[in-house]
Protein chains: 2
Amino acid sequence: MIKHNQTMTTSEWEIMRVIWTLGEATSRQIIRVMTLKKDWAPSTVKTLVTRLQKKGYLTDNGAVRDRLYTPTVDEHDAMTYALNHTIQAMCAMCVGDAMANVIETTELSQRDILNLQDVLKAKYATAPESVACNCMPNHWEELK
Amino acid sequence: MIKHNQTMTTSEWEIMRVIWTLGEATSRQIIRVMTLKKDWAPSTVKTLVTRLQKKGYLTDNGAVRDRLYTPTVDEHDAMTYALNHTIQAMCAMCVGDAMANVIETTELSQRDILNLQDVLKAKYATAPESVACNCMPNHWEELK
DNA sequence: TTTTTAAGTTTACAATTGTAAACTATAGGT
DNA sequence: ACCTATAGTTTACAATTGTAAACTTAAAAA
């Protein structure tokens, strides 16, 4: 699980999704797909690929032409990381509730659901009675 | 569930969390808290509050001084919305897996877990065998 | 009443992001 | 060997974001 300092922007994420799906890709391929998917200009795609490389999310095979770009991070890892990142910025007390809401409207396969249920069952054993709100700094009550 | 065009940035989110917790707040209060929580300069907080207002996430009571700011959106709704937003940008096929990973490391209360389990049980009835990857545009296979 | 403080408003400024054109160099076609 | 399309590199440019100082004005203190 590689750690990354730079964050991926939404546009960059779109690019990564197609490279993840293809395993590796040339910019020609990426441009073809993104033109269909997002109607971006070829230049836009090129810029984004370059930025992803600078940020360390892509490597290339060094070819002068028809270069192949490969992800340096696993898609599942990146997703897990991004989701955690979002969640950690939110009120810990409300997270469970929000996740329930989200799950209601998210498409999940039977396998997904069974897996989730397993994880939850295992968690229950050590689950706290309640989770405290962490929106305020420590000792803020002293501020009147 | 109010719909918002503008998105909240992470810094803005931090501000909202304290106002949500307090119910309503003057900038003096917010500044006090944020100085402790994030070590931000008072000006920074003022700017952020103004921007949140412009974006429609806060209203004020119109007082010339010691103005009270109130959220226009519910915290749970905002969280649900933000999480959904993040998830919808990801590969639908992998979302279930990522959520399981996230849940493993997220603090959840017993109540949260029971609730999640209820939601999942209800979902199982109509759950599909599998969820297709949606990273590529339609008919992209035709692109060789 | 004059001064001081601090709330609210304006202005600032660099980094990041979305979006893309322009330029350069090279592989493939003729 | 030369031309041309296009892959890769540079440059561009406005909007957003993080971060904050400066200014203005009104309330509180002296």
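Every chain is numbered from 1, with letters handed out A, B, ... down the list of sequences.
- Contact of the B/Glu107 side chain with the A/Pro128 side chain is registered, since non-hydrogen atoms from C-beta on lie closer than 4.5 Å.
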Set out, line by line, the N/O atom pairs under 3.5 Å between protein and nucleotides 9-16 of chain D.
residue	atom	partner	partner atom	Å
D/dT9	OP2	A/Arg67	NH1	3.4

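- Cluster annotation: B/Met93 is not connected to B/Val95 through the hydrophobic network of ILVMFWY side chains, with a link wherever side-chain heavy atoms come within less than 4.5 Å.
- For B/Lys123, the NZ atom is densely surrounded, since the number of other residues' heavy atoms within 6.0 Å is greater than 12.
- Here the side chain of A/Ser27 is nearest to one of C/dT19, D/dA21, D/dG8, namely D/dG8.
- One atom, CZ of B/Arg28, and another, C1' of D/dA26, lie 13 Å apart when rounded to the nearest Å.
- In this structure, the side chain of B/Glu12 engages the main chain of B/Thr9 through a donor-acceptor pair within 3.5 Å.
- Summarising the geometry, the separation between CD on A/Gln29 and C1' on D/dG8 is reported as 16 Å, rounded to the nearest angstrom.
- Atom CD1 of A/Ile31 is separated from atom P of C/dT19 by 16 Å (rounded to the nearest Å).
- Taking 4.5 Å as the limit, every side-chain heavy atom of A/Met136 sits out of range of all side-chain heavy atoms of B/Lys37.
- Rounded to an integer number of Å, the gap from B/Glu12 CD to D/dT17 P is 6 Å.
- With rounding to whole Å, B/Leu52 atom CG is found 13 Å from D/dG18 atom C1'.
- In terms of position on DNA chain C, the residue among A/Met8 and B/Thr26 whose nearest nucleotide sits closer to the 5' end is B/Thr26.
- A/Leu48 comes within 4.0 angstrom of a base, heavy atoms only.
- Applying the 4.0 Å criterion to OP1 and OP2 of C/dT19, one finds that A/Thr44 has every side-chain N and O outside that range.
- The distance from atom OG1 of B/Thr105 to atom CG of A/Asn84, rounded to the nearest 0.5 Å, is 4.0 Å.
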Check nucleotides 26-30 of chain C against the protein and report each pair of N or O atoms closer than 3.5 Å, with its distance, or say if there are none.
residue	atom	partner	partner atom	Å
C/dT26	O2	A/Arg65	NH1	3.4

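- Taking atom CD on B/Glu14 and atom C1' on D/dT17, their separation rounds to 14 Å, with Å as the unit.
- Atoms NZ (B/Lys38) and C1' (D/dG18) sit 12 Å apart, rounded to a whole Å.
- Under the 3.5 Å distance criterion, the side-chain polar atoms of A/Trp13 are matched with a main-chain donor or acceptor of B/Ala89.
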Residue pair A/Thr80, A/Asp77: steps toward the side-chain hydrogen bond (donor to acceptor under 3.5 Å, both in side chains) verdict:
CA-CA 5 Å; A/Thr80 302; A/Asp77 289 350; 5.4 Å; no
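- In this structure, the side chain of A/Gln110 engages the main chain of B/Ala127 through a donor-acceptor pair within 3.5 Å.
- For A/Leu58 and D/dA7, the CG to C1' distance is 16 Å, given to the nearest whole Å.
- Taking 4.0 angstrom as the limit, A/Trp40 places none of its side-chain polar atoms (N or O) nearer than this to OP1 or OP2 of C/dG18.
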